[in-house]
Each structure stands twice: as C-alpha cells, then as structure tokens.
Amino acid sequence: MGDISMPPNTPSIMEVIDLSTGWSFKQTDDIGDNAWNPVKKIPSTVHQDLLDCGRLENPFIGFNETKAEWVGQKSWTYRTTIARPDVSPKTKVVLAFDGLDTFAHVRLNGKLILESDNMFLPHRIDVTEAIQARSDNDLEIEFDSAFLKAREIRAQHPEHRFLCFNDPPDRLAVRKAQCHWGWDWGPILICAGIWKPVRIEMYHARVSDLKLDINISDDYQLATVHATAEIERDSSTPPQLLAQFNILLDGKVVSASHCVADQDGKASIKLPIPSPELWMPNGYGKQPLYTVTVTIATEGMPLHTTSRRVGLRKIELVQDDDAHGKSFYFRVNGVDIFCGGSCWIPTDSFLTNVTPERYRAWIELMVPANQKMIRVWGGGIYEDDSFYDACDELGIMVWQDYMFACGNYPCFPAILESIEAEVIANVRRLRHHPCLAIFAGNNEDYQVQEQLNLTYDYDDKDEKNWLKSDFPARYIYESLLPRLSKAEAPWIPYWPGSPWSHGKKSFDPTVGDMHQWNVWHGKQEKYQIFDSLGGRFNSEFGMEAFPHIATIKSFVEKDEDLYPQSHVLDFHNKADGHERRIATYLVENVRTCTDLEAYIHLTQLIQCEALMFGYRGWRKQWGDGRHCGGALVWQLNDCWPTTSWSIVDYYLRRKPAYYAMARVLAPVAVGIRRAHHDWSVTHAREPQTQAWELWVVSSHQEEIAADVEVKFVSVRTGREIKPKITMQGIRIAPNGTTHVSDGHIDNVHQEPHILAARIWVNGKLVGRDTDWPQPLKYLQFPERNVKVDLVGDEMHVTAERPVKCLVFEEREGCHLSDSAIDVVPNDKQIVKVRGLRDGDPPLTWTYLGAGEQGTHAD
C-alpha cells in the first residue's frame with residue numbers, strides 16, 4: 001500500500017454530536033415536573049446552574065458562602081433527550097464523558113450504563129444498540145453528594161488513619177478536587193455536575209491515543225519523533241489499516257511517512273526532523289510548535305484524523321552531589337534555567353466558568369513578569385487543555401503535581417485501581433506538551449507523615465510493608481506513580497512529592513525541594529532573612545496581602561464594613577490566624593493605620609518586600625554553584641475574591657509584589673543590600689557598622705559588560721551623604737552571579753540613608769535596586785514632593801526625597817510596565833500605560849508615608 005495522498009487537514013468521517021445544550025436539572029428528591037430547571041450550558045456545575053435560575057445567591061459576595069453549604073449535601077439529577085442518529089447499522093456509537101463530578105449514576109432509557117466515582121476520569125460507553133432502538137433516547141445522570149459519600153467511604157475503612165491538614169479528613173476518601181472541601185485560601189463549595197464536555201461519537205475506527213516520544217541528538221542537529229498510534233475499530237472494519245503520519249511547522253510538512261497498523265491496532269513509526277527549531281522557556285528563546293497528525297484509512301478512505309502539538313526540547317532534572325549537598329534544578333536543551341515563578345490553584349471555585357481566553361490571560365501575566373515556571377498544585381485538578389496550550393505558546397514550564405494534597409491517603413484496592421486509571425488517562429492527555437517539566441507525586445503529604453509521626457523507613461524497600469503501615473500512600477508515591485509515569489511519559493522527570501528530600505526530612509535545605517513557611521507560618525521569622533531560610537529549590541513560600549480596593553468592594557455589600565478588621569473582610573480570608581500574622585508583620589515593619597485604603601497599601605508593601613527579599617537572595621544563590629535552582633511563590637492566583645497569598649487577585653488585578661518579582665527576575669538585575677540587623681533584640685547599644693554588598697545576576701548565556709553605580713542618599717533630605725561609586729565595564733558572568741562591590745555603613749555617624757544601585761548595558765539603563773534602613777517604621781517621610789506627569793502613554797515619575805513603594809491604581813483595562821517602585825532623587829522613572837483612553841482620569845497612586853503630607857493622588 002502506498003501513501004494515501006491526502007492533505008494533512010482532510011476531514012475524517014467520524015461524526016460528533018455535541019451534547020452541550022438541551023439539559024435540565026433538579027434536586028433529586030424533588031418531585032413533579034415543576035422541579036426541573038433549565039441548564040444554560042454544559043459543561044457546568046450545580047452551583048452555577050442554581051445561580052442561573054435564581055435559586056442561589058452568589059457565594060462570592062458577603063457571607064453567602066454559608067448559604068450555599070446545603071448544595072453540597074444534596075443529590076442532583078440532570079437529564080436530556082438524544083435523537084436517534086442517522087448512521088449505518090455497522091457504525092459504532094459511543095457516549096463520551098470527559099469528566100463527571102464525582103459520584104455519577106448514568107442511565108440511558110432507564111438502564112444503568114455507568115457508575116463513576118472519580119472526577120478526574122473520562123468515560124466512553126458503547127451505546128450502539130441502545131441508542132438506535134428508539135427515536136428519542138432519555139439520558140439521565142444522578143450525582144450523589146460527595147460530602148456524604150466521603151463520610152460513608154471513610155467509615156467503611158476503619159483500618160486506615162484518615163489524617164490531614166485542611167479538614168475534613170473525609171475528603172481523602174474521594175478522587176475529587178480536594179479544595180472543594182475548603183482550603184486556607186478558598187471557600188467550602190462542594191460542586192457536582194457534568195464538568196467537562198459530553199458528546200456522541202460515531203465511527204468505524206478511530207485513533208484512541210497518539211504517543212510521541214521525542215529524541216534530540218547531543219549536538220541538537222537532529223530530532224526524531226517516535227510516533228505510536230493506538231487504534232480502536234469495530235468488527236466490520238477491514239483488518240488492514242494504513243496510518244499516514246505528517247509533521248508540520250507553520251503549516252508546512254517537514255517530515256512524513258506511513259505504515260500499516262499491526263494486529264493489535266498499533267501503528268508505530270520514526271520521523272526525522274533535521275535542523276530542528278528548539279522550544280525554550282520564556283526569556284531563553286522562542287517557542288516553535290510542531291503539529292504531528294495521523295490519519296488512518298482503509299482502501300484509500302480516511303476514517304479518522306487526530307493531531308498533537310509538540311515542542312522539540314530535551315529537559316533534565318539535574319541532581320548532582322556538590323558543595324551544598326545535592327543540586328535540584330532544570331536544564332532545557334543544555335541550558336541551565338533558574339526557575340523563578342509561581343504556584344497555581346484552580347482559578348475559580350466554579351471550574352466551568354474559566355474560558356480558554358481567561359486561562360491565557362493568566363499565563364500572559366507571567367511573561368512580562370519574567371517568570372519561567374508554574375506549579376499546578378495537587379489539591380486542585382489536572383488543568384484544562386487550554387491552560388497547557390497557553391504555557392506551550394508562551395514558554396512557561398509546568399511543574400505538575402498529581403492530585404494528592406496535605407493528607408494521609410488510603411490505599412484500599414478500589415481506590416488504587418481508580419488512581420491508576422486516573423493517572424494513565426491524564427498523563428496520556430498531557431504528555432505531549434513541551435511545557436511539562438516534571439510530575440510530582442503529591443503536595444505536602446510527606447510533611448503530614450512527619451508531623452503526625454506516621455511510619456516511614458526510607459531504607460525499607462518492601463512495598464508490601466508500605467501498604468501495611470500507617471502511611472500506606474508511600475506505595476502510591478514511590479511505586480505506583482513512578483511506574484505509570486515511566487511507562488506513559490519516560491521523558492518527563494518524576495519526583496515523589498513536593499516537598500521531598502530523598503528520605504530526609506522535608507525541610508532539609510541540602511537536598512530536594514522545600515516549602516519554606518517559617519515566614520508567615522511556623523516560626524514567623526522576619527522576612528528580611530528569607531533567603532537564608534531556603535533550600536535547593538523553594539517550591540512554596542509566601543506572604544499574604546489584601547487585594548485592591550475595587551476587589552474588596554466587589555464582595556463587601558455595606559459601606560460600614562469597609563474597614564480593615566470588619567467581619568466580612570475577615571470572612572474572606574480563610575488562613576488560620578491571619579489576623580495575628582498580618583498584624584505581626586505590620587507592626588514589626590511599618591506604622592499601622594485604620595484607613596482601609598492605606599491599610600491595603602501597607603499589607604501589599606509587606607508582601608512586596610517579603611517576596612523581593614526571598615527572590616533576590618535566592619536568585620543570587622543561583623550563581624553560587626546552583627545553590628538554589630528556583631523559587632515558586634505561593635501563589636499566583638485566587639479562586640474567589642479574597643485576601644490571600646496571591647500576587648494577582650481573582651479579577652486579575654496585580655498586587656505590588658507582582659512587579660517586585662518581575663524586577664528581581666529580569667534578564668539582568670542588580671542587587672544591593674546591607675546585612676540585616678534585628679533591632680528588636682539590641683540590648684546595650686546599636687551596632688556601629690553594617691556591611692553591604694553589590695552584585696549582578698544575569699541569565700544571558702554569554703558574558704556581558706555593564707556599568708554600575710551606587711549612591712548613598714539621605715532618607716530625610718534626599719541629598720547624597722558621600723560620593724557615589726561608579727564602576728564601568730564590569731564583566732558580568734553568563735547565567736550566574738557576579739560580585740561587584742561591598743562596604744560598610746556607620747550607624748552612629750551616618751544619618752539613615754538608602755543604597756541606590758543602577759546598571760547599564762550597552763548604554764541602556766536595565767535595572768535598579770534600593771536598600772533601605774530596616775525596619776521602615778523608624779523612618780520619617782515628610783515632604784517627598786512626588787510628581788507624576790502623564791506624557792502620552794507614559795507616566796514620568798520624580799521625587800525630591802527617597803520614596804518607598806509608589807503604587808499605581810490597577811484599573812480594569814489598563815496595563816502597567818511597572819509599579820510598586822522606589823523613587824530616588826535625580827532618577828526619573830518612566831512607567832508605560834496601555835489601555836488608558838482619552839478623557840479618562842489619571843491613575844491614582846500612593847506610597848509609604850503619603851498620608852504624612854496629606855495627599856496620595858495626582
């Protein structure tokens with residue numbers, strides 16, 4: 001048989017009937033035709049459907065979350081009618097569900113055809129005979145309460161210790177988004193419904209899976225795609241099927257070949273790509289994406305075509321013994337990458353409300369912020385395809401947790417079987433994405449084991465003993481998941497958990513990744529020493545901040561509640577002890593206040609400073625033998641309007657910390673700081689001197705030359721208290737850190753002053769950094785004389801005296817090139833504004849101490 005000679009986009013003869021409309025729903029125990037309510041669309045969730053028909057108040061507003069608790073404790077039924085499709089008798093008809101949340105009983109014409117208990121599993125049911133026997137077919141799906149089913153399953157397994165962070169422990173018994181039971185940043189909204197697409201498929205044969213194993217030569221001059229198509233066919237399909245493979249780049253075929261499927265329904269072939277265009281992370285190169293298609297045909301007739309989009313890249317998790325212990329960093333196409341980035345939670349409590357456009361808007365925020373990696377957290381979901389598509393296109397590497405979080409998970413046979421099916425289905429769906437950098441077994445489950453003293457003997461390699469212990473989930477993370485990951489996607493590194501340290505304690509700073517919560521949680525250390533608390537890869541750390549005032553007003557119904565400690569504001573912060581923790585970091589560092597907008601600014605300033613100290617110091621360590629391989633802030637986003645650790649709130653309004661991170665993670669960044677002195681523990685007298693140091697970090701792959709300047713500027717007067725230091729033609733090491741200068745500050749004879757550093761490359765100013773006397777509350781800020789001039793689409797910012805954290809309004813539709821800036825006299829800064837229309841008022845702004853001179857807006 002020869003080439004079937006069809007263009008790559010020839011439509012196949014598979015027919016699909018979309019079942020997104022025509023549904024109705026009711027509370028299962030309601031009777032009568034009046035109990036049924038229309039459903040606007042599928043996919044959906046019962047909460048949104050109740051909102052649409054006026055039976056539920058928006059849980060995101062005020063205290064309405066409590067009014068929605070009953071929804072998760074009821075069973076719900078959905079129904080629709082499917083007309084008999086007009087197909088030949090030999091055509092196979094399949095009812096396909098991409099996801100049912102969670103305990104679903106599916107009946108077709110009154111007959112039970114599926115029972116599902118895993119939110120993360122797709123299902124395909126052959127309904128060929130049943131659906132062709134009648135002109136109209138009744139499809140009904142009943143969803144049991146996951147809240148009640150979780151209790152029931154837990155009671156059935158008294159042999160297991162259901163223990164967890166973020167109660168209730170019942171959630172561990174259910175394969176469902178764990179955050180639906182509430183978390184320390186999100187509401188309790190236990191959803192149910194058809195949460196992914198449903199359709200009828202009609203075909204004679206189809207490609208059920210397309211696996212693409214990519215090999216790149218050591219010199220990167222040849223890529224080979226080993227493509228394997230698995231084919232499903234009915235008994236009437238001729239046994240010999242031809243599979244035509246094509247690889248396209250920008251619509252042009254760059255490699256093509258064909259083969260005959262074997263008796264087991266597999267077609268496998270190797271496709272060479274000479275001189276491949278390599279996929280690189282954001283900031284390190286481009287993101288070319290190749291499309292691999294396969295068309296199966298018999299006797300020249302195409303039966304089905306499917307495709308995957310891939311990027312050609314070789315990724316390694318580098319773990320070498322070194323002077324600091326064992327390294328932990330990523331190498332892509334031979335380039336070491338410092339993975340500055342964020343952690344990701346489900347971006348809406350109602351998952352089906354997140355459009356592909358909204359997913360892309362979130363990931364687009366990471367690009368100008370110089371972020372390289374996002375971590376999909378294990379208490380949510382395996383994200384929508386459009387999330388990974390956006391990461392592919394924009395060069396954002398994905399750390400993908402498996403869906404286990406903060407618990408001691410059971411391992412009874414039925415749940416292990418379900419987990420295996422879940423993993424195979426989701427790895428097969430996701431593995432072709434070049435953005436995928438690592439699979440991790442869980443989030444903080446080893447920390448649960450440590451803190452609750454569950455059995456864990458790292459040297460015991462007998463899996464049967466693991467299952468018999470009071471920490472049986474070790475079997476999941478160290479046997480089941482790595483085995484499945486290797487079988488389905490051997491090119492993606494696997495890591496047993498986040499954090500995990502090769503059998504050492506999870507807080508060991510010499511090996512593995514670390515969740516560093518001794519700032520905010522734990523010991524509540526001062527954030528000025530954040531970098532000294534880190535490890536080889538800091539995959540979680542954070543500081544809370546209030547969202548912007550517009551976000552707060554979206555959920556506060558009464559003006560009388562617009563003050564910092566109001567009941568409704570506290571209700572919209574789910575973090576345990578947040579009142580004490582926010583207050584602690586405020587009183588330690590700044591002068592507190594009661595005006596809400598000023599208070600918002602102070603909390604955001606603290607978050608901004610804390611994350612800056614962490615990122616700046618850890619990136620500096622990258623150049624010290626890869627001491628720190630990356631840092632992922634908890635968290636990028638929110639699932640509802642709230643106060644949390646997010647750096648961008650639910651409405652995509654960026655908090656000041658977002659901009660601070662962007663500056664520290666820039667391709668070339670200058671850093672300057674004095675040694676931290678804890679004034680609160682000074683007894684006899686203040687220290688006379690403090691050391692300071694100046695350095696430059698670069699992600700460029702070649703050495704560059706730079707000019708660097710340091711000024712010593714009085715906080716009080718704005719004058720330079722001693723001559724500036726200027727260094728020209730400094731050689732900056734590639735992909736590392738260069739020490740530039742150091743010195744001392746005399747705390748007795750020198751007045752309080754900032755260290756202001758700037759750096760130029762090829763005559764262009766590319767970075768600034770300032771170091772302030774700590775804590776900021778001891779400083780006076782009168783008469784800053786800030787001036788903001790709007791010149792076209794630019795804001796020109798100047799000040800007569802040093803200004804700390806000048807923050808611009810985050811107005812909907814406007815995008816800023818920078819904010820939360822420190823302003824130094826005689827150093828005009830230009831902030832570009834996109835989206836400000838003619839006639840719009842200027843953006844408002846404020847800064848630390850603005851209230852002392854009675855104005856905070858132009």
Side-chain angles (χ1 to χ4, degrees), residues 220 277-289 311-316 318 329-344 360-375 388-399 433-438 537-538 611-612 615-616 618-623 626 628-633 636 647-648 654 657-671 695-704 706 732-738 759 761-762 764-769 815 817-818 832:
Y220 298 97
E277 296 188 28
L278 301 179
W279 185 96
M280 292 296 291
N282 171 39
Y284 288 87
K286 296 181 180 180
Q287 294 79 43
L289 295 171
L312 305 182
R313 60 101 175 100
K314 183 189 298 183
I315 192 161
E316 302 167 75
V318 181
Y329 65 92
F330 292 89
R331 180 177 292 153
V332 181
N333 298 328
V335 177
D336 296 353
I337 309 292
F338 178 81
C339 290
S342 299
C343 295
W344 170 271
R360 186 175 176 90
W362 276 109
I363 304 304
E364 283 179 341
L365 285 173
M366 301 182 71
V367 176
N370 300 306
Q371 297 189 38
K372 308 292 184 282
M373 176 176 277
I374 193 161
R375 172 175 168 251
Y388 303 96
D389 288 341
C391 292
D392 288 344
E393 294 163 7
L394 298 171
I396 302 299
M397 301 164 67
V398 174
W399 173 308
H433 289 282
C435 63
L436 273 178
I438 188 172
F537 194 105
N538 303 303
L611 300 188
M612 181 278 293
Y615 271 104
R616 185 179 65 177
W618 289 327
R619 189 179 181 200
K620 178 176 180 285
Q621 293 172 9
W622 171 249
R626 304 298 186 246
C628 176
L632 307 177
V633 71
L636 177 69
I647 59 170
V648 183
R654 288 159 283 194
Y658 168 90
Y659 299 98
M661 287 172 51
R663 292 191 292 268
V664 174
L665 295 174
V668 176
V670 63
W695 69 91
V696 175
V697 289
S698 172
S699 61
H700 289 284
Q701 300 306 298
E702 304 84 23
E703 182 182 78
I704 60 173
I732 306 301
N735 202 7
T737 305
T738 302
I759 183 171
V761 176
N762 296 326
K764 181 181 179 182
L765 181 62
V766 297
R768 297 175 173 87
D769 193 29
H815 298 269
S817 64
D818 207 353
K832 293 184 179 180

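Source: prediction; values computed, not measured.
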Report yes if some heavy atom in the side chain of Val332 is under 4.5 Å from a heavy atom in the side chain of Tyr284; otherwise report no. no
Rounded to the nearest 0.5 Å, what's the gap from CG on Leu436 to CZ on Arg313? Could you check? 7.5 Å
Side chain to side chain, Cys435 and Ile396, heavy atoms closer than 4.5 Å: no
Euclidean distance, Glu393 CD relative to His433 NE2, rounded to 0.5 Å: 10.0 Å
Okay, side chain of Gln287, backbone of Gly285: is any donor-acceptor separation there less than 3.5 Å? yes
Of Tyr615, Tyr329, Phe330, which meets ring pair (Phe, Tyr, Trp, His ring centres under 6.0 Å) against Trp622? Tyr329
How long is the gap from CD on Glu702 to CG on Asn735, to the nearest 0.5 Å? 10.0 Å
Any side-chain heavy atom of Ile732 sitting closer than 4.5 Å to one from Val668? no
Roughly how far apart are His815 NE2 and Lys832 NZ, rounded to 0.5 Å? 15.5 Å
Do Ile647 and Gln371 have side chains that get closer than 4.5 Å, going by heavy atoms? yes
Parallel, tilted or perpendicular: which describes the rings of Phe537 and Trp399, with under 30° parallel and over 60° perpendicular? tilted
Taking atom CD of Glu316 and atom CG of Asn333, what is their separation to the nearest 0.5 Å? 9.5 Å
To the nearest 0.5 Å, how far apart are CH2 in Trp279 and CD1 in Ile315? 7.0 Å
